[in-house]
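Here is the structure we will look at.
Each ligand, and each atom within it, is numbered from 1 in the order the structure gives.
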Amino acid sequence: MTKVMIVYFSKTGNTAKLAEAIAVGASEAGAEVVVKPVSAAKPTEMLDYDVVIAGSPTYYGHSAGVLRTFFDESVSIHGRLNGKIGGAFATSAYKSGGNETTILDILHAFMIHGMVVKGQHSKDHYGPTSINTPNEPDIKDAKKYGAMLVNLAERLSNV
Ligand SMILES: Cc1cc2nc3c(=O)[nH]c(=O)nc-3n(C[C@H](O)[C@H](O)[C@H](O)COP(=O)(O)O)c2cc1C
């Protein structure tokens with residue numbers, strides 16, 4: 001069974017709602033899923049999962065400092081996440097408020113760890129987003145994203 005870890009920071013709950021929706025989608029696709037606020041997660045825990053999906057509110061165009069610290073501390077396991085799948089999601093206050101730069105911020109870290117990242121040819125190309133609280137279409141897209149990464153993990157495990 002594919003194991004998925006979703007780690008996120010959320011101060012006012014918007015990003016947490018996307019995290020839960022991604023978890024539902026991943027779980028419905030047959031994965032074992034753990035969802036953790038970054039305050040309760042250790043970077044070494046990523047070693048136990050096939051897929052790691054990280055999310056953050058946009059803070060000044062980037063992921064929040066606590067999530068960046070989480071990735072800075074992941075240097076202790078550098079090289080050991082190679083080949084796993086990474087994904088990212090973000091929320092912001094404005095349409096052009098930085099969701100994409102926040103997602104890319106997270107995906108950069110995953111790529112430097114040697115992880116596999118996947119875009120989407122339609123809808124949110126980089127990963128699930130919302131402007132403030134996720135609405136129903138945002139939740140639907142986030143569920144699909146969770147399922148997509150589980151399906152990818154299953155395909156790659158057969159390569
Ligand atoms: C310190 C700080 C910086 C922020 N910077 C941005 C920003 O650059 N662009 C933006 O659109 N929203 C910005 N916001 C708004 C948050 O990204 C937005 O409200 C987000 O949905 C909050 O997520 P949360 O409810 O999970 O905490 C900022 C909020 C804070 C507190």
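Salt-bridge formation is detected for the pair Asp105/Arg68: a Lys NZ or Arg NE/NH1/NH2 atom is positioned less than 4.0 Å from an Asp or Glu carboxylate oxygen.
A donor-acceptor pair is defined here as one N or O able to donate and one able to accept, closer than 3.5 Å; such a pair exists between the side chain of Lys84 and the backbone of Tyr49. Asn158 contributes a side-chain N or O that, together with a main-chain N or O of Glu154, makes up a donor-acceptor pair within less than 3.5 Å.
Scanning the protein heavy atoms around atom 30 (C) of ligand 1, the nearest turns out to be Tyr59 CE1, 3.4 Å. With hydrogens left out, the protein atom closest to atom 22 (C) of ligand 1 is Pro57 CB, 3.6 Å, a heavy atom. Of all protein heavy atoms, the one closest to atom 13 (C) of ligand 1 is Thr58 O, 3.2 Å.
Checking only distances, Ala16 never comes within under 3.5 Å of ligand 1, N or O to N or O. In terms of polar-atom proximity, defined here as any N/O pair under 3.5 Å, Ala93 does make such a contact with ligand 1. Among the atoms of Gly61, some N or O lies under 3.5 angstrom from an N or O of ligand 1. Ligand 1 has no nitrogen or oxygen under 3.5 angstrom from a nitrogen or oxygen of Gly98.
A donor atom on one side chain and an acceptor atom on the other are not found under 3.5 Å apart for Ser130 and Thr91. No hydrogens or angles considered: nothing links the side chains of Thr2 and Asp50 as a donor-acceptor pair under 3.5 Å.
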